[in-house]
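Below, read A as the first sequence line, B as the second, and so on, with proteins coming before strands; counting in each chain starts at 1.
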There are 2 protein chains.
Amino acid sequence: MLFDVLAEPTRRRILDLLLERPHPVGELTARLGLTQPGTSKHLRVLREAGLVQVRIDAQRRWYELCPAPLAEIDTWLTPYRRLWAGSLDRLEAHLDTMEDDR
Amino acid sequence: MLFDVLAEPTRRRILDLLLERPHPVGELTARLGLTQPGTSKHLRVLREAGLVQVRIDAQRRWYELCPAPLAEIDTWLTPYRRLWAGSLDRLEAHLDTMEDDR
DNA sequence: CTCGAATATACCTCGATAGGAATATACCGG
DNA sequence: CCGGTATATTCCTATCGAGGTATATTCGAG
C-alpha cells in the first residue's frame, strides 16, 4: 500500500530530492548519507509503487519523480478535508497558487 | 510520525468508521472484527497522534474524529500536487464541492 | 577482453509492531 | 458493597522491514 511506502522517512527524503531534479543513484546515496545498496532498495520500493521512473544512461541510472500515484492519497484525504478547521481557506489558497501558474 | 499511524489499514478503517459518526469501543470492535484489546491499542495510537478524541460517558468511551492533523499530510502533498497530471481539474472539483456546502 | 565504475541483488541481523490471551481498572445498577 | 459491563494495560510471540556487508551484474574505456 502506498501509505506504507511513504511511511518511511528516507523514502520521503528521496522524493523531496527528486522534486528538485532527477538524480543518479550515487548522488542520492551521497546526499542521504546511506550506503548504496540501501539507497537502491528504497528506490526499488518507490519504483514498484510507481512513484519514480528510471532513465538509463550507460551505467548511470537517472531516477525521476512520478507524482501521479500521490493522487490516491489526495483522494483518501477528500472526505476528511471538508472537516478540518480552516480547510476552505487552505484549499482556496492552493487553488489560487495553481491559478497563478496558468 | 503521522504517516506511520496511517500506514496501518485497520487504523484507516477506524477513521473511516468515525467519519460516519462517533462510536464506542465495543461497536468499533464488532464492526472491525478485532478483539477488544486490539481495538483499544489502535485507538491509543490514533489518540496520541491527535486524530481521535474521547468523550467519556459512564463506562462507555465515545471516540470521535479529529481530522486536523491530516492537514500535515495535505501540506506535504502540496509541492507534488502541482506536478501530477490533471491536478488543476481535480483541485477545482474539490473546491466546487466545498463551495456548494456554504 | 579486461578493468573499473555504477547499480542491483542476496543474505543476515536487529528492532519495531500487530495480534492475541490474560489481567487490571473504572463505573453503573441493585 | 457486589457483580457485571466496558475499556485499558500487560505480556508474549511471530512477522516484517530497514540497514549493513558481500557479491553479482552491466556497461564503457582502453
Integer-rounded Å distance: [N] [atom2] and [X] [atom1]:
X: B:Phe3; N: D:dA18; atom1: CZ; atom2: P; answer: 15 Å
X: B:Arg47; N: D:dT9; atom1: CZ; atom2: C1'; answer: 11 Å
X: B:Glu27; N: D:dT7; atom1: CD; atom2: C1'; answer: 14 Å
X: A:Met1; N: D:dC16; atom1: CE; atom2: C1'; answer: 17 Å
X: B:Arg60; N: D:dG4; atom1: CZ; atom2: P; answer: 18 Å

SB check [X] [Y] (cutoff 4.0 Å):
X: B:Glu48; Y: B:Arg44; value: yes
X: A:Arg31; Y: A:Glu20; value: yes
X: B:Glu8; Y: B:Arg13; value: no

* Side-chain N or O of B:Tyr63 closer than 4.0 Å to phosphate OP1/OP2 of D:dA8 -> yes
* Asked: Minimum heavy-atom separation for A:His42 to A:Ile14, with atom names?
  ->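 Shortest heavy-atom contact: CB-CD1, 3.7 Å.
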* To do: For residues A:Asp4 and A:Arg11, report the shortest heavy-atom separation together with the two atoms involved.
  =>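 Minimum heavy-atom separation between A:Asp4 and A:Arg11: O-NH2, 3.4 Å.
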* **Side-chain donor or acceptor of A:Arg61 paired with backbone N/O of A:Ile56 under 3.5 Å** => no
* Asked: At how many degrees, to 10°, do the end axes of the helix from C:dC1-D:dG30 to C:dG30-D:dC1 meet when each uses five pairs?
  ->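 That helix gives 20° between its end axes.
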* Letter per nucleotide, 5' to 3', of nucleotides 17-30 of chain C [B base touched, S only sugar-phosphate touched, - untouched; heavy atoms, 4.0 Å] -> -BBSBB----BS--
* Asked: Just checking, is any N or O donor in the side chain of A:Arg47 or A:Tyr63 under 3.5 Å from an acceptor N or O on the other one?
  -> yes
* Decide whether B:Leu43 and B:Leu2 are clustered together by the hydrophobic rule: side chain heavy atoms of Ile, Leu, Val, Met, Phe, Trp, Tyr closer than 4.5 Å, transitively. => yes
